[in-house]
Amino acid sequence: MRVTNRMLNNNVIRNINRNLENMARTQEQMSSGKRVNRPSDDPIVVARVLAFKTSIAANDQYKKNMEDAKGWLDASESVLGMATDVLQRARELAVYGSNGTMPPESMDALGKEVDQLLDEMMQVANTSYGGRYIFGGSQTTATPFVSNSSSTDDPVEYNGDSAALNWEIAPGVTISVNENGDQIFMQAINNGSATESIFKLLNDLSAALHGGTATDVSATLNKFDQAIDHILNIRATLGAKSNRMEMAMSRLEDTQIGLTQTMSKLEDIDLAETVMNYKTQENVYLASLSTGAKVLQPSLIDYLR
Amino acid sequence: MPGTFFGFNTALRGMQAQQRGIYTTSHNIANANTEGYTRQQVVLTATPAYPVPAMNRPGGQGWQIGTGVDSQETRRLRDEFLDTQIRRETGSLGQWQQIQDVLQQVEVVFNEPSDTGLSTLMSQFWAAWQELSKNAESSPVRTTVVETANALAEAFRHSAAQLNQIKDDIDQSIELKVKEVNSLAQQIADLNGQIKNIVAAGDQPNDLMDQRDLLLDRLSKIIDFSVEKNMVTVNDEEIADGQIKIKLGDQYLVNVDGTDGSIVNMVAAGTDDANKGKIFWEDSGDEIVPANGEIKGLQKAREDVQTYLTNLNTLAGELAAAINEQHILGKDLTGASGEDFFVIGDDSDTITAANIQVNPQIMADVSKIAAAANDGGPGDGSNALAIAQLQHKLIENLDNTTFDDYYKNFTAKLGVDAHEATRMTTNQGVLVDQLTNRKESISGVSLDEEMANMLQYLRAYEASARMITTLDSMLDKIINGMGVTR
């Protein structure tokens, strides 16, 4: 084939350009740390990376939801632990007051402690977590348990509702993080025909100590047993849920590590390999420059005189 | 027998012919770097021998003597078949270059994969609703929902605006290309006129033809066409008069009218909304549908951009509809029923990517987010959860995919399209380079060759001149050295 000077020129320029382009691409990969920087770099990889990113972000949110749920559950559990302590102390006092040998003044003193315990139980039932009443159902902003001195049957009124706070912990899977305050405190004791509240029980004990009889006092004892069991059952449920959260979180964490690793394999460069590529491309580029300089120089003109 | 001074003429012709060769060599060297230049070559032939055979020819039978050389023509060394091939492939290259150029811009608009693209913003949007489902009474969390929703709506609007801008740029490019077509056509028509006059005078306008071929090469990058030679009848014989006609589709862009003048049929770009991106014959108003070239590439790219815009509008519209539908089922912090969460930001009737915006009432008062179910208290986030759960819902109008997948799919399609355009541009570039090299190997100027030719012509010229000296010394012998008497 006939070769002309312009052909040589064009070839040299084209090759230099191509080599420079390769270098620029590798440089971009090195500086961004990513193999793909735009969809056209590798459409399939980019689509997969986007899918991974969405999954990872959603999982992060689920993990956060589970952490928050565990926080609620643990807080509820520990509050109910305090309620158990209060009930146990009240039961002890009931045991003291029920032996029938105690003088009325001592009974009165026991009654005063029970009054304190009633106040304490109110506080426990009205515990707020992160500024929200945890036993008010969805009425998280209003004090759920309020004294009502006009009724001895219901010395405390429940102002919350029975709504469950359902949080999502996996696509389509929800868990209720709150226990129903009405059920915990207001329907703790089954007296055969209806349910009675813990507050009524403490109130009854107080009344019995403050001027009742030892028989009245001892009548409360089996109700305390019922109430303590009732709370224990709920605590067990909360504990089980909290455990479930913990397991689910650690499982999700494993999944996240797997997802992140796969995504990294897809999108991140192998630095050693990329630097090697770059060095090779740089050498090729320099070679194309120097051969270009040599090829373009001479023609017959240089040798004619 | 030839006459006494016979040889002088032969030698003179030799000198003149070699001189032409030298001049042509000089012309070639001078134009070694001229774009579109075709190397020229002097075609030398021996002149008819003397005497011409006849009954009564001088000197009797049995001899004929050469009379020297004549330069018949200075011809262009060019392969017309290659020209056609190069023009076709250049058109294809132009088409893919335009598509690649536009799609690269579209890729920048979507900016994926990144931490600032729509994909990330959508993830943040769903996460904000999840947070709200857990903290329905919290004003800061409500503000986060509104802010992420606002960021998402802004991203939709921004992307839509940029895609529309790209479309406008394409329309402008098409208008510019149309102007260029008209200008090239006019220049070709002008050259037609000059070339016709020179051909009619019996000469060969090589350089003008080079110029015209270069204009055809340029035109071929913009639009596909066919070239016909204009034939005229002279003495019942069809001969080419040097003019060419250019046909776009089924009509002539450059034609020759009845009075043999070269005329141009102008092209115009569509201006109203329905015709934007299309091109028409200015006179008849008929549409021209190019099959190749930059205009075709721009038109295809425009369609692609329109598809992405439509997809984006569908996504924004469906997202807004699904969220609004769920939002109005809920109750806000004051106990009132939910309003539309997303509203139309301009005076059109549907929510699109260009006009989606968060309800200004909700922006002004975040307690209006209807996070609670109908009978829920302030801490109830079940409606917020229902909205967050839309993330995994298959949406019928989005080809039964989720919002995230729909977006991911069309990003992938953009990637495939842009990738193909890049690949085709590269391949087409290599093909055009190869063809150009082949053309260059036929038509290009080789300085080595020209230098060798120059020496060859120089030596032949010198030898012819030496012939004259030799003949002169022969005559000197006859005139001054023979039969001298004192």
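When reading the values below, keep in mind they use all heavy atoms of this one structure, side chains included, and skip hydrogens, waters and symmetry mates. Note on naming: letters A, B, ... go to the chains in the order of the sequence lines (proteins, then strands), and numbering restarts at 1 for each one.
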Quiz prompt | Neighbour count >12 (heavy atoms, 6.0 Å) for atom CZ, A:R244 | solution = no
Practice problem: Take the angle between the ring planes of A:W72 and A:W167 and call it parallel below 30°, perpendicular above 60°, tilted in between. | Solution: perpendicular
Quiz item: Among B:D448, B:I442, B:D380, which has the most heavy-atom pairs under 4.5 Å with chain A?
Solution: B:D448
Quiz item: Which answer fits B:N409, side chain, backbone, both or neither, if we ask what part of it has an atom under 4.5 Å from a heavy atom of chain A?
Solution: neither
Quiz item: If you count heavy-atom pairs under 4.5 Å with chain B, which of A:R132, A:M1, A:Q139 comes out on top?
Solution: A:R132
Exercise. Pick one of side chain, backbone, both or neither for A:R14, based on which atoms fall under 4.5 Å of a heavy atom in chain B.
Key: side chain
Self-check item: Donor-acceptor side-chain pairing of B:T34 and B:N31 below 3.5 angstrom
Solution: yes
Quiz prompt | Distance-only side-chain donor-acceptor flag, A:T26 / A:Q281, under 3.5 Å | solution = yes
Quiz prompt | Contacting moiety of A:K34, where chain B heavy atoms sit under 4.5 Å | solution = neither
Practice problem: Verify whether one side chain among B:S443 and B:R39 offers a donor that lies under 3.5 Å from an acceptor in the other. | Solution: no
Quiz item: Contact part of B:V445 toward chain A, heavy-atom cut-off under 4.5 Å: side chain, backbone, both or neither?
Solution: backbone
Quiz item: If you count heavy-atom pairs under 4.5 Å between each of A:T140, A:V36, A:T4, A:L50 and chain B, which one has the most?
Solution: A:T4
Quiz prompt | Proximity breakdown for B:E131 and chain A, heavy-atom pairs closer than 4.5 Å | solution = both
Quiz item: Out of A:A142, A:A69, A:S138, A:G160, which one racks up the most heavy-atom pairs below 4.5 Å with chain B?
Solution: A:S138
Quiz item: Of the listed residues (A:V46, A:L8, A:D68), which shares the most heavy-atom pairs with chain B below a 4.5 Å separation?
Solution: A:D68
Quiz item: If you count heavy-atom pairs under 4.5 Å with chain A, which of B:T120, B:N437, B:L385 comes out on top?
Solution: B:N437
Quiz prompt | A:S32, part contacting chain B, at a heavy-atom distance under 4.5 Å | solution = neither
Quiz item: For B:Q105 and B:Q162, does a side-chain donor sit closer than 3.5 Å to a side-chain acceptor?
Solution: no
Quiz item: Contact part of B:A136 toward chain A, heavy-atom cut-off under 4.5 Å: side chain, backbone, both or neither?
Solution: backbone
Exercise. Please flag which part of B:D417 lies under 4.5 Å from any non-hydrogen atom of chain A: side chain, backbone, both or neither.
Key: neither
Self-check item: Side chain / backbone / both / neither for B:N111 at chain A, heavy atoms under 4.5 Å
Solution: neither
Practice problem: Can you see which heavy atom on B:W96 is nearest to which on B:T425, and at what distance? | Solution: O-OG1, 3.3 Å
Exercise. Under 4.5 Å heavy-atom distance to chain A, tell me which part of B:A32 shows up: side chain, backbone, both or neither.
Key: backbone
Self-check item: B:T426 portion near chain A, given a 4.5 angstrom heavy-atom threshold
Solution: neither
Practice problem: Would you kindly say whether A:S162 and A:D182 are connected by a side-chain donor-acceptor distance under 3.5 Å? | Solution: no
Quiz prompt | ring pair (Phe, Tyr, Trp, His ring centres under 6.0 Å) evaluation trace for A:Y158 with A:F185 | solution = CA-CA 9 Å; A:Y158 181 60; A:F185 297 99; 8.8 Å; no
Quiz item: Any side-chain donor-acceptor pair under 3.5 Å between A:N15 and A:S288?
Solution: no
Quiz prompt | Toward chain B, the part of A:N65 with a non-hydrogen atom under 4.5 Å | solution = both
Quiz item: Charged N to carboxylate O under 4.0 angstrom, B:E449 versus A:R2?
Solution: yes
Practice problem: Heavy-atom distances under 4.5 Å only: say whether A:D161 touches chain B with side chain, backbone, both or neither. | Solution: side chain
Quiz item: Is it the backbone or the side chain of A:V3 that comes under 4.5 Å from a heavy atom of chain B, or both, or neither?
Solution: backbone
Quiz prompt | Atom group of A:A163 that falls short of 4.5 Å from chain B, counting heavy atoms | solution = neither
Quiz item: Do you see a donor-acceptor pair shorter than 3.5 Å between the side chains of B:E440 and A:N10?
Solution: no
Practice problem: Flag the one option from B:H392, B:M451, B:Q130 with the top tally of heavy-atom pairs under 4.5 Å to chain A. | Solution: B:Q130
Quiz item: Is the shortest side-chain N to carboxylate O distance from A:E21 to A:R18 below 4.0 Å?
Solution: no
Quiz item: Heavy-atom distance under 4.5 Å to chain B: side chain of A:Y133, backbone, both or neither?
Solution: neither
Quiz item: Highest number of heavy-atom pairs under 4.5 Å with chain A: which of B:A452, B:S119, B:G415, B:A372?
Solution: B:G415
Quiz item: So what's closer than 4.5 Å to chain B heavy atoms on A:N37: side chain, backbone, both or neither?
Solution: backbone
Exercise. Flag yes if more than 12 heavy atoms outside A:I44 fall under 6.0 Å of its CD1 atom; otherwise flag no.
Key: no
Quiz item: So, B:T334 and B:D332: side-chain donor and acceptor under 3.5 Å apart, yes or no?
Solution: yes
